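The structure appears below as C-alpha cells.
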Amino acid sequence: MALSGKNKIIVDSVHGDIHLDEIEWEVIDTPSFQRLRNIKQLQMSHLTYPNAIHTRFAHCIGVLAIMKKILAPKNVEKLGLDKEEQICLKLASLLHDVGHYPYSHLVERLGKTKLTEEYLTPPGSINPTKELAELDYPEHDITGQLILKHQKDLSDAIGNADRAKKVADIFTGSDAKLSPFVTSSMDLDRMDYLLRDSFATGVPYGRIDINYLLNNIEIDDEKLVCFSEKAIPAAEQFLLARFFMHKTVYWHKTTCGMEEICCHLLKRLRSSSKAMEYKIPSNSARIQEIFSSSELLVFTDAYIDQIIQKAVNHVVDSNSDRVIPLLAKSIVYRKPPQLLKEVAFWHDGNGKNHSGSAFLRNFKDNINSLAKDVGLVPEQFIFSEKSTRIEKSEELVSAKDLKTIKPDKIEKSEREHREIVKIFNGNKSESLAMRPESIIYKFANHSFNLYRLYIVLGTEDNPEIIHKLRVKVRDWHNI
Amino acid sequence: MDKRQIAIKLAVNTLGINFSVGSFQDRLILQKSVYLSQVAGVNFGYHYRWYLKGPYCNTLADDCYAVVHNEAEYNGWTLDEASSAVLKSKVKPLLNESTPDKLAKKLELLASVHFLIDRGQVSKSNIAGIVEVLKNNNKNFEYDEVKNALEELERYGLIGQEQNNS
C-alpha cells in the first residue's frame with residue numbers, strides 16, 4: 001500500500017487507487033478486519049479457476065471505494081446526509097462482510113444443506129425453534145453485528161460504541177433511513193464482486209460498465225438512488241451479468257459439486273459422535289460465542305481446511321459416518337463428484353409440475369434402489385438445487401398482472417422493494433423491470449433453476465458405474 | 001421442500017391464513033405473519049431487515065415461493081403442540097380483520113412498530129415519536145392507530161419479548 005502523509009492509498013486491481021480516510025485505515029488495520037485476508041471470496045471456485053483466490057478483504061475495500069464515489073458532493077446534497085451519516089455509510093460498506101464465515105456462504109448456510117437421507121425422511125412433527133432456529137447459523141450480517149459489539153479493536157477504531165451500533169444497524173438493515181443506501185438498487189456489493197470475480201477467474205461476463213453507471217446516478221424526490229435514462233443498457237447488462245456469472249462461475253458443475261461435498265461432510269461431522277473432536281460449531285449459540293470472543297481470529301478458511309484434513313482418517317462408527325472419509329478425500333485430493341444428470345428450467349411461479357419437480361420426485365422415489373443396483377450407498381449421491389432471479393425483487397407484479405391491475409396500485413407495489421433497479425423519470429423513479437421495452441421486463445418474477453445429481457466415488461474412477469447410472473437417470477426429468 | 005419451508009406452511013395454516021404469493025398483498029401478509037410468529041417465540045430462524053413496508057426477509061420470500069411450488073410435500077407433517085398453542089394464543093387473535101386490505105395494513109403497522117422498538121430506533125412510551133418515524137418512512141398511520149397497535153402487542157406479550165433473529 002502506498003503511503004501519502006495522513007492519507008493512505010490502496011492500489012486495487014479493480015478500482016485503481018483507493019484513498020482512505022484515517023478512520024477507515026484504522027479499521028482496516030485491526031485484527032478483526034485483517035481476518036478477512038484469510039477468507040476466500042469465492043469459496044471453492046479456485047478448484048476450477050486457479051486464480052479465484054481473492055479475498056473478502058479486497059472485496060470489502062472495493063465496496064468502500066464504490067460508496068465513496070456515490071457520496072460525491074453533488075449526490076450528498078440531494079441525499080441530505082450530514083458528515084456523521086456519510087462516515088457511518090462508508091464504514092458500513094467497508095464492514096458489511098466483516099462477519100463472514102470461513103469459506104463464506106458455504107459454512108454460513110450449513111444448516112440449510114439437505115443430506116440425501118433428509119430427502120427421504122417420512123413426515124413427522126416439527127418444532128421450529130428447536131430444529132431450525134437453533135441449528136441454523138446466523139447470517140453473516142448478524143455475526144458482523146456481534147463483532148462490532150464485542151470486538152474492542154474494531155469498536156475503538158470506529159470511534160465509540162454508539163457509532164459502532166449505528167454502523168451495524170446500517171448493514172443489518174435495521175436503520176430505517178440509511179440501510180437502503182447499502183441495500184439499494186445500486187447494490188454496491190454486487191458491483192464490486194461481479195468485476196472482481198470476473199477479473200480473478202478470467203470469465204468476462206461480470207465486466208459491468210461501472211463508471212458509466214456511477215456517472216449517471218440520479219436521486220429522486222423520495223431520495224432513492226437510481227440511474228438516468230441513458231444508463232438503461234448499462235443497468236440491463238448489470239442485472240444480466242450476475243445471471244451469467246452464476247451460470248459459468250458460481251454454479252460451475254465442478255465448483256458446485258466440490259462445495260456440496262464440503263457442506264455434506266461438515267454437516268455429517270457436526271451430527272456425528274465425534275463432533276467435539278472436530279470443533280465444528282454445534283449450533284447458533286456456539287457461533288455467537290466465537291464471533292464475540294478472541295476465537296474469532298482463527299475462524300478462517302484454515303479452520304475448515306484442518307477439519308477436512310482430519311476427516312480423511314475418520315473412524316466410522318455409524319451408517320451416516322461411512323461416507324465421511326470418502327467426502328474428505330474427494331476434497332483433499334481434488335476428486336470432484338461426477339455429474340449424473342442436470343436439469344435447468346425457468347419458472348414463472350405458476351404450475352407445480354415441471355421438469356425439476358419430476359427430477360426431484362424420481363430422485364426421492366428411486367435413489368435407494370438405484371444405489372443398491374450398483375453396490376453403493378444413498379449417502380454417496382448428492383442432489384443439488386440452485387435458484388436465482390435476474391431481478392431481485394419479489395414484490396413486482398408479473399407481466400400478466402399488469403394487464404388487470406390499476407396504474408396507482410402498480411406504482412405502489414412495484415416501488416415496494418428498494419433493491420429494484422430504478423430509472424430516473426423527471427423527479428420520480430420507476431422500476432426498470434416495469435419498462436416493456438426492457439429485456440428485464442420479460443424476466444420479471446421468473447426464476448432460473450438448476451437441479452443436479454452427483455455421485456461421490458472418492459479417489460476411485462469407475463467409468464462403468466458412471467455410465468450405468470447416467471443411463472438409469474436419463475429420463476428422471478420427464479413429467 | 002426443506003423443513004423450514006414445511007414449518008412455515010404449517011404455521012400459516014395454523015393461523016388460518018391462505019398461503020398465497022399471487023399478489024403483493026398476499027406476500028405482505030405472509031411476511032408480517034411469520035415475523036410476528038417469531039416474535040411470539042416460534043422461531044424459524046429468519047432474519048428481517050427494514051424495507052419500505054417494514055420488516056422484510058429475502059430468504060422467507062424465496063421460501064414462500066418454494067412452498068407454493070411444492071405444496072404436496074408438506075402432507076403428513078405437523079407442527080409441534082407447543083408451537084401451535086403459541087400461534088393460536090398470541091398471533092392468531094391479531095389477525096381478525098374483515099378484509100385482506102385491512103389485515104395487510106394492520107400487520108404492516110404491528111410488525112413495523114415492533115421492529116422499530118426492538119431495534120432501539122424508537123421508544124414505546126413515545127407514541128408521537130413512533131408516528132413521526134413511520135411518516136418519515138412513508139407509512140401514514142394516525143396516533144390512535146399506533147396506540148392501539150402498541151396495546152395489542154403488549155396484550156399478547158409481543159413487546160418486551162426476548163428477540164430471536166426476527
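Labels below follow one simple rule: chain letters A, B, ... track the order of the sequence lines, proteins then strands, and each chain is numbered from 1. Predicted model, so just to flag it, every value in this text is computed and none were measured.
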Is [X] in contact with chain B via its backbone, its side chain, both, or neither, using a 4.5 Å heavy-atom distance?
{"X": "A/Asp136", "result": "side chain"}
{"X": "A/Ser387", "result": "neither"}
{"X": "A/Glu385", "result": "neither"}
{"X": "A/Lys112", "result": "side chain"}

Do [X] and [Y] have side-chain heavy atoms sitting under 4.5 Å apart?
{"X": "B/Tyr48", "Y": "A/Thr172", "result": "no"}
{"X": "A/Pro128", "Y": "B/Leu79", "result": "yes"}
{"X": "A/Asp169", "Y": "B/Arg119", "result": "no"}

### Query
Do you know the tightest heavy-atom contact between B/Ala7 and A/Leu132?
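Nearest pair, atom of B/Ala7 first, then A/Leu132: CB-CD1, 3.7 Å.
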
### Task
With side-chain contact (heavy atoms from CB on, under 4.5 Å) as the test, would you mind laying out the steps for A/Ile126 and B/Arg4 before giving the verdict?
CA-CA 9 Å; A/Ile126 301 179; B/Arg4 188 153 70 172; over 6 Å; no

Going from [atom1] on [X] to [atom2] on [Y], what distance comes out if it is rounded to the nearest 0.5 angstrom?
{"X": "B/Asp2", "Y": "A/Glu118", "atom1": "CG", "atom2": "CD", "result": "9.0 Å"}
{"X": "B/Ser83", "Y": "A/Glu131", "atom1": "OG", "atom2": "CD", "result": "9.5 Å"}
{"X": "A/Asn127", "Y": "B/Glu81", "atom1": "CG", "atom2": "CD", "result": "11.5 Å"}

### Task
Let me see the working for A/Glu139 and B/Tyr46 under side-chain contact (heavy atoms from CB on, under 4.5 Å), right down to the final yes or no.
CA-CA 9 Å; A/Glu139 290 172 21; B/Tyr46 291 114; over 6 Å; no

### Message
Please determine whether the number of non-hydrogen atoms from other residues, nucleotides or ligands lying under 6.0 Å from atom NZ of B/Lys88 exceeds 12.
### Response
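It does not: B/Lys88 NZ has 12 such atoms or fewer within range.
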
### Query
Should we count NZ of A/Lys364 as having more than 12 external heavy atoms under 6.0 Å?
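Counting neighbours around NZ of A/Lys364, more than 12 heavy atoms of other residues, nucleotides or ligands fall under 6.0 Å, so yes.
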
### Task
Would you sort out whether A/Asp141 and B/His47 count as a side-chain contact (heavy atoms from CB on, under 4.5 Å), showing the intermediate values?
CA-CA 10 Å; A/Asp141 52 348; B/His47 173 68; 4.0 Å; yes

### Query
Counting only N and O atoms by type, is there a donor-acceptor contact under 3.5 Å from the side chain of A/Thr129 to the main-chain atoms of B/Asn43?
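Yes, the answer is positive, given that a donor and an acceptor are paired below the 3.5 Å cut-off.
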
### Query
Which bit of B/Thr59 is near chain A, if near means a heavy-atom gap under 4.5 Å: side chain, backbone, both or neither?
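For B/Thr59, the contact with chain A is made by the side chain alone.
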
